[in-house]
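In what follows, residues are counted from 1 in the order of the sequence shown. Fair warning: this is a prediction, and the values are worked out from it, not measured in the lab.
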Amino acid sequence: MAIDILAAFENEPEPLDYVLPGMAAGTVGAIVSPGGAGKSMAALQIGATLAGGPDLLELGEVKTGRVIYLPAEDPEHAITHRIHHLGKHIKPEQRPAVAENLVIEPLIGRQPNILTDRWTNCLIRGATGARLMILDTLRRFHLGDENDSGAMAEVIGRMEYIAEKSGCAIVFLHHASKSAALSGQGDQQQASRGSSVLVDNIRWQAFLAGMSQKEAEEWGVEEEFIRSHVRFGISKVNYGPPLEDRFLRRTEGGVLAPTALEKKEKQPKKRKAASNKPAKDSRDDW
C-alpha cells in the first residue's frame, strides 16, 4: 500500500521502536568480529538482557520481550556451558524472566538455508511476537557464495522479508575479513567478510575488536591482560545515534563484563638539552 503523503505531512508519526541502541524493530543488522573475539557470547548476553536479565554490555534502557537465539555452529553442550557461566551474573529474581523470554534452539547439523521457502517460513513463525532473532552465524544459514553480491542481496532480502512479516528485528553474526583483522580495522563498516552488500543492505552493524597494543598503552593495560579485553561498539546506524565504544573484559567462561579503565595522560616529550660544546669550525676539515 502506498504511503499517504498528505497524512504524513500533517500527522506526527509514532516514535521509532528501538530494539537495540539505534536499531529499529523490523530491521536487519549484524555483529561482526574476528573468530574467537566473543561474538557468540555477546549475542547470548544481548538476548539475556532483552529477556529481562542484566545489562553487562551497557546497552542502556531497552524494552524487554521474547528473544529467539539460533546458534548453528556450536553443539548444545558448549552452549549450555555458556549459559551456566552467564547465569552467575544473573540475579535470582531475574532468572525466571530470562528463562521464559529467551528461546535458544541449536541448529548445528540441520543445515538451515534461508534461501528456501521452507526455512524462510519457519523463521517467520519463530520470529512472530519476538523482539529479536539472532542467527549465529551467517555462513551457517545459506549455501551461497559470500563474495557474490547477487546471492548476498537475496540472503539479506530474505531476512528483510522475515523481519517485515514478523515485526521482529534480526541480527546475524558474521566474521570480519582477515585483512581487517590483521590491520586492526575490525571496528570499520567494511570489516565484514565477503560482498559489500552484507554491509550496504543492512541498517545496523556492531563490532567486537580485540584490544590493540597501542590501546593497551593508552589505557594502562598490562601485556598479560591485553587478550582478555575487547572493544564493543556500533559501526553503522541508520535510525539513531550510535552507541559509544566501550572496552569489555572477558571473565570466567568468556562472559563479557564492564571494565573500569582510565586513559593515561600523555607525557610531554622531553626537550633535548642544548650542547655546551663550541661549534666546529668547518675550516678544521681542510
Side-chain angles (χ1 to χ4, degrees), residues 19-20 23 25-47 50 66-76 78-79 82 102-178 189-208 235-236:
V19 176
L20 294 171
M23 184 181 190
T27 63
V28 177
I31 299 176
V32 175
S33 82
K39 58 182 173 291
S40 290
M41 178 57 84
L44 177 61
Q45 292 180 224
I46 288 171
L50 266 64
R66 189 161 170 261
V67 178
I68 312 297
Y69 176 37
L70 303 175
E73 66 177 10
D74 290 312
E76 182 176 340
I79 298 165
R82 290 178 189 155
L102 179 57
V103 178
I104 303 175
E105 184 172 350
L107 297 179
I108 187 168
R110 293 174 61 179
Q111 297 182 318
N113 184 3
I114 200 172
L115 296 178
T116 65
D117 291 342
R118 171 175 170 267
W119 276 100
T120 295
N121 293 331
C122 179
L123 294 175
I124 289 173
R125 288 194 298 272
T128 299
R131 294 287 292 162
L132 177 66
M133 174 177 278
I134 303 170
L135 309 181
D136 181 6
T137 59
L138 176 67
R139 178 69 267 180
R140 297 282 181 154
F141 281 84
H142 69 89
L143 301 177
D145 180 354
E146 290 188 344
N147 293 303
D148 184 332
S149 60
M152 292 307 97
E154 186 177 358
V155 168
I156 300 300
R158 288 276 183 149
M159 290 188 195
E160 290 172 334
Y161 179 73
I162 295 166
E164 191 273 333
K165 283 291 184 182
S166 65
C168 175
I170 297 178
V171 168
F172 62 85
L173 307 192
H174 190 45
H175 292 283
S177 67
K178 290 182 180 179
Q189 281 189 33
Q190 300 303 327
S192 180
R193 185 179 69 188
S195 170
S196 61
V197 164
L198 295 174
V199 178
D200 299 339
N201 287 21
I202 62 175
R203 303 297 90 193
W204 184 92
Q205 180 172 297
F207 70 87
L208 280 174
S235 54
K236 178 177 181 177

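- Residue Y161 holds its OH atom at 12.0 Å from CD1 of I170, rounded to the nearest 0.5 Å.
- The distance from the CG atom of D145 to the CE atom of M152 is 7.0 Å, given to the nearest 0.5 Å.
- In this structure, E76 places its CD atom where only 12 or fewer heavy-atom neighbours from other residues, nucleotides or ligands lie under 6.0 Å away.
- Annotation: side chain of F172 is in contact with side chain of I156 (closest heavy-atom distance under 4.5 Å).
- Partners of D74 by side-chain hydrogen bond (donor to acceptor under 3.5 Å, both in side chains), not counting sequence neighbours, listed by chain and number: R82.
- By the side-chain contact (heavy atoms from CB on, under 4.5 Å) test, R203 is found to be paired with T27, K236, N238, Y239, residues two or more places apart in sequence or in another chain being considered.
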Verdict with supporting geometry, K39 and H174, side-chain contact (heavy atoms from CB on, under 4.5 Å): CA-CA 9 Å; K39 58 182 173 291; H174 190 45; over 6 Å; no
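- Closest heavy-atom contact between G150 and D148: N-OD1, 2.9 Å.
- Interatomic distance, I162 CD1 to T120 OG1, rounded to the nearest 0.5 Å: 5.0 Å.
- Counting all heavy atoms, side chain and backbone alike, A43 lies closest to I134 at O-CD1, 3.4 Å.
- Not counting sequence neighbours, E160 has no partner by the side-chain hydrogen bond (donor to acceptor under 3.5 Å, both in side chains) test.
- Rounding to the nearest 0.5 Å places OG of S192 at 7.0 Å from CD1 of I202.
- A pairwise comparison of heavy atoms in P34 and A176 identifies N-CB, 3.8 Å as the closest pair.
- In terms of the side-chain contact (heavy atoms from CB on, under 4.5 Å) criterion, residue partners of A78 (sequence neighbours excluded) are, by chain and number, P75.
- Minimum interatomic distance between S40 and Y69 (heavy atoms only, all atoms of both residues): O-OH, 3.6 Å.
- Put simply, CG on N201 and OG on S195 are 8.0 Å apart, with the number rounded to the nearest 0.5 Å.
- Contact detail for G26 and A163: the closest heavy-atom pair is O-CB, 3.5 Å.
- The salt bridge (charged side-chain N to carboxylate O under 4.0 Å, His left out) test applied to R158 returns D117, not counting sequence neighbours.
- Side-chain atoms of L50 and L20, non-hydrogen and from C-beta on, do get closer than 4.5 Å to each other.
- Between M133 atom CE and R66 atom CZ the span is 8.0 Å, to the nearest 0.5 Å.
- At least one side-chain heavy atom of W204 sits less than 4.5 Å from a side-chain heavy atom of V171.
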Derivation and outcome, side-chain contact (heavy atoms from CB on, under 4.5 Å), residues L44 and L102: CA-CA 9 Å; L44 177 61; L102 179 57; 4.2 Å; yes
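- When all heavy atoms are compared, the tightest approach of A169 to M23 is CB-CE, 3.9 Å.
- Panel note: side chain R139, backbone H142; a donor-acceptor pair is recorded below 3.5 Å.
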V32/L198 under side-chain contact (heavy atoms from CB on, under 4.5 Å): CA gap, chis, key distance, verdict: CA-CA 11 Å; V32 175; L198 295 174; over 6 Å; no
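- By the 4.5 Å heavy-atom criterion applied to side chains, V67 and I46 are not counted as neighbours.
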What donor-acceptor contacts under 3.5 angstrom involve side-chain atoms of residues 107-115, with partners at least two apart or in another chain?
from, atom 1, to, atom 2, distance (Å)
R110, NH1, E105, OE2, 2.9
N113, OD1, L115, N, 3.1

Derivation and outcome, side-chain contact (heavy atoms from CB on, under 4.5 Å), residues L208 and M41: CA-CA 11 Å; L208 280 174; M41 178 57 84; over 6 Å; no
